[in-house]
A.B. asks: 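Sharing a structure with you now.
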Amino acid sequence: MIFRKESLISLLILFLGFTFYSCASTNVSTRPKINPVYVTNTNKIYLLPTQEIQEKQDCLQLLNGVFGDKNFTLMMYFQGDENGIFITLLNDFGTDMGNLSYDGEEVVFNSAVFPENLKAEYILLDIQNAYYKNQSLQNAYEQVGLTFEEEKTEEGIIRRVKNGKKIVEEITINLNSIKINNYLRGYQYNLTKAEE
């Protein structure tokens with residue numbers, strides 16, 4: 001599959017642009033502080049420290065996403081531990097399309113293809129909702145008036161971010177895949193570990 005520059009920008013806007021329209025545009029790579037993420041239109045949360053990750057991650061994942069009536073697919077190399085989160089986005093040919101890092105103090109997103117004003121904190125919050133410790137997430141969401149729940153099933157774990165009784169986001173975690181469905185913003189994506 002060959003991507004044109006316009007298609008690549010559209011893909012990233014779909015993947016990263018869930019709620020960017022509600023926040024002022026800034027340059028992520030030169031920003032000295034971390035911006036909060038608007039989980040709802042009024043409730044915002046800051047990213048948690050990297051020490052709250054549940055277990056070390058080092059894997060290549062296939063990312064299949066849906067935003068409205070548009071579908072997109074990317075490869076994502078993900079490394080995460082107490083020192084930070086590092087993500088490299090790749091196209092079908094393995095070409096680097098962007099790098100995202102978070103060390104607990106700063107978020108950096110660099111790409112020659114994607115606009116600099118995209119807020120990577122939104123991606124990182126979804127990653128944290130899937131990979132961080134349940135109790136830490138519960139505490140963080142409770143402080144901003146939201147609920148974070150975790151339910152264990154035979155197949156894996158289901159996590160939910162709720163505003164009262166309304167589910168904002170649902171994360172389904174199985175052995176080799178994670179499905180993130182944001183009902184409020186109207187997007188979903190699946191992360192599937194590539195076979196080694």
A.B. asks: Which heavy atom of Leu100 sits nearest a heavy atom of Ala120, and at what distance?
C.D. replies: CD1-CB, 3.3 Å
A.B. asks: Find out if a path of hydrophobic residues (ILVMFWY) with successive side-chain heavy-atom gaps under 4.5 Å connects Tyr132 to Ile157.
C.D. replies: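 Same cluster.
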A.B. asks: May I have the step-by-step check of side-chain contact (heavy atoms from CB on, under 4.5 Å) for Leu63 and Asn190, ending in yes or no?
C.D. replies: CA-CA 6 Å; Leu63 186 155; Asn190 295 302; over 6 Å; no
A.B. asks: What's the spacing between Thr153 OG1 and Glu155 CD if we round to 0.5 Å?
C.D. replies: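 Spacing of OG1 (Thr153) from CD (Glu155) equals 4.5 Å.
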A.B. asks: Provide the closest heavy-atom pair for Ile127 versus Ile87 in the form atom of the first, atom of the second, distance.
C.D. replies: CG1-CD1, 4.1 Å
A.B. asks: Check the pair Asn139, Gln143 against side chain to side chain donor-acceptor pair (under 3.5 Å), reporting the backbone distance first and the verdict last.
C.D. replies: CA-CA 6 Å; Asn139 294 341; Gln143 290 176 13; over 6 Å; no
A.B. asks: Val66 and Leu62: same hydrophobic cluster, using ILVMFWY side-chain contacts below 4.5 Å?
C.D. replies: no
A.B. asks: For residues Glu149 and Thr147, report the shortest heavy-atom separation together with the two atoms involved.
C.D. replies: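 Here Glu149 and Thr147 meet closest at CG-CG2, 3.8 Å.
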A.B. asks: Run the side-chain contact (heavy atoms from CB on, under 4.5 Å) test on Gln79 and Ile85 for me, step by step, so that the C-alpha distance in whole Å, both residues' side-chain angles and the decisive distance to 0.1 Å come before the verdict.
C.D. replies: CA-CA 6 Å; Gln79 292 179 297; Ile85 293 174; over 6 Å; no
A.B. asks: Would Arg159 and Glu169 count as a salt bridge (Lys or Arg N to Asp or Glu O under 4.0 Å) here? Give the steps.
C.D. replies: CA-CA 8 Å; Arg159 291 177 159 188; Glu169 183 168 276; over 6 Å; no
A.B. asks: Output the distance between atom CD (Gln128) and atom CD1 (Ile45), rounded to the nearest 0.5 Å.
C.D. replies: 8.0 Å
A.B. asks: Once you measure the plane-to-plane angle for Phe78 and Tyr131, does it fall in the parallel (<30°), tilted (30-60°) or perpendicular (>60°) bin?
C.D. replies: tilted
A.B. asks: Under a single-linkage definition using a 4.5 Å side-chain heavy-atom cutoff for Ile, Leu, Val, Met, Phe, Trp and Tyr, are Leu124 and Val144 assigned to the same hydrophobic cluster?
C.D. replies: yes
A.B. asks: What distance separates Phe86 CZ from Tyr77 OH, expressed to the nearest 0.5 Å?
C.D. replies: 11.0 Å
A.B. asks: Can you confirm whether more than 12 heavy atoms, excluding those of Glu142, are under 6.0 Å from its CD atom?
C.D. replies: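 No.
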A.B. asks: Going through the checks in order, is the side chain to side chain donor-acceptor pair (under 3.5 Å) test met by Glu170 and Tyr183?
C.D. replies: CA-CA 8 Å; Glu170 185 171 73; Tyr183 298 105; 3.2 Å; yes
A.B. asks: Check the pair Leu90 / Thr95 against side-chain contact (heavy atoms from CB on, under 4.5 Å), numbers first and verdict last.
C.D. replies: CA-CA 5 Å; Leu90 307 164; Thr95 303; over 6 Å; no
A.B. asks: Mind checking whether Tyr141 and Asn129 have side chains closer than 4.5 Å, heavy atoms only?
C.D. replies: yes
A.B. asks: Measuring from Ile53:CD1 to Ser136:OG, what's the distance to the nearest 0.5 Å?
C.D. replies: 11.5 Å
A.B. asks: Counting C-beta onward and ignoring hydrogens, is there a side-chain heavy-atom pair between Lys193 and Gln57 closer than 4.5 Å?
C.D. replies: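 Lys193 reaches Gln57 side chain to side chain.
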A.B. asks: Rounded at 0.5 Å granularity, tell me how far CD in Gln61 sits from CG in Leu191.
C.D. replies: 4.5 Å
A.B. asks: Show the nearest heavy-atom pair for residues Tyr38 and Arg185, with the distance to one decimal.
C.D. replies: O-NH2, 3.3 Å
A.B. asks: Taking all atoms of both residues into account, what is the closest heavy-atom pair of Asp81 and Asn83, and its distance?
C.D. replies: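 Scanning both residues, the minimum pair turns out to be OD1-N, 2.8 Å.
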A.B. asks: Closest heavy-atom contact between Tyr187 and Asn181?
C.D. replies: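 What the structure gives for the nearest pair is O-OD1, 3.6 Å.
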A.B. asks: I'd like to know if Tyr102 and Leu48 are part of one continuous hydrophobic network [Ile/Leu/Val/Met/Phe/Trp/Tyr, side-chain heavy atoms within less than 4.5 Å].
C.D. replies: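 They do share one cluster, since a chain of ILVMFWY contacts under 4.5 Å joins Leu48 to Tyr102.
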A.B. asks: May I have the step-by-step check of side-chain contact (heavy atoms from CB on, under 4.5 Å) for Glu82 and Glu52, ending in yes or no?
C.D. replies: CA-CA 7 Å; Glu82 67 277 357; Glu52 299 305 322; over 6 Å; no
A.B. asks: Quick one, Asn163 with Thr40, criterion side chain to side chain donor-acceptor pair (under 3.5 Å). Give me CA distance, side-chain angles, the key distance, then yes/no.
C.D. replies: CA-CA 8 Å; Asn163 184 11; Thr40 69; 4.7 Å; no
A.B. asks: To the nearest 0.5 Å, what is the distance between OH on Tyr122 and CG on Asn35?
C.D. replies: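 Result: 8.0 Å between the selected atoms.
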A.B. asks: Taking C-beta and beyond as the side chain, do Met76 and Leu60 meet within less than 4.5 Å on heavy atoms?
C.D. replies: no
A.B. asks: Heavy atoms, side chains only, cut-off 4.5 Å: are Lys162 and Leu146 in contact?
C.D. replies: no
A.B. asks: For the side chain of Asn174 and the backbone of Asn176, is there at least one donor-acceptor N/O pair under 3.5 Å apart?
C.D. replies: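 Side chain of Asn174 to backbone of Asn176: no pair is present.
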A.B. asks: Would you please test Asn182 and Tyr189 for side chain to side chain donor-acceptor pair (under 3.5 Å) and show each step?
C.D. replies: CA-CA 9 Å; Asn182 191 304; Tyr189 51 93; over 6 Å; no
A.B. asks: Val37, Ile167: one ILVMFWY side-chain cluster at the under-4.5 Å cut-off?
C.D. replies: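 The answer is no; the residues belong to distinct hydrophobic clusters.
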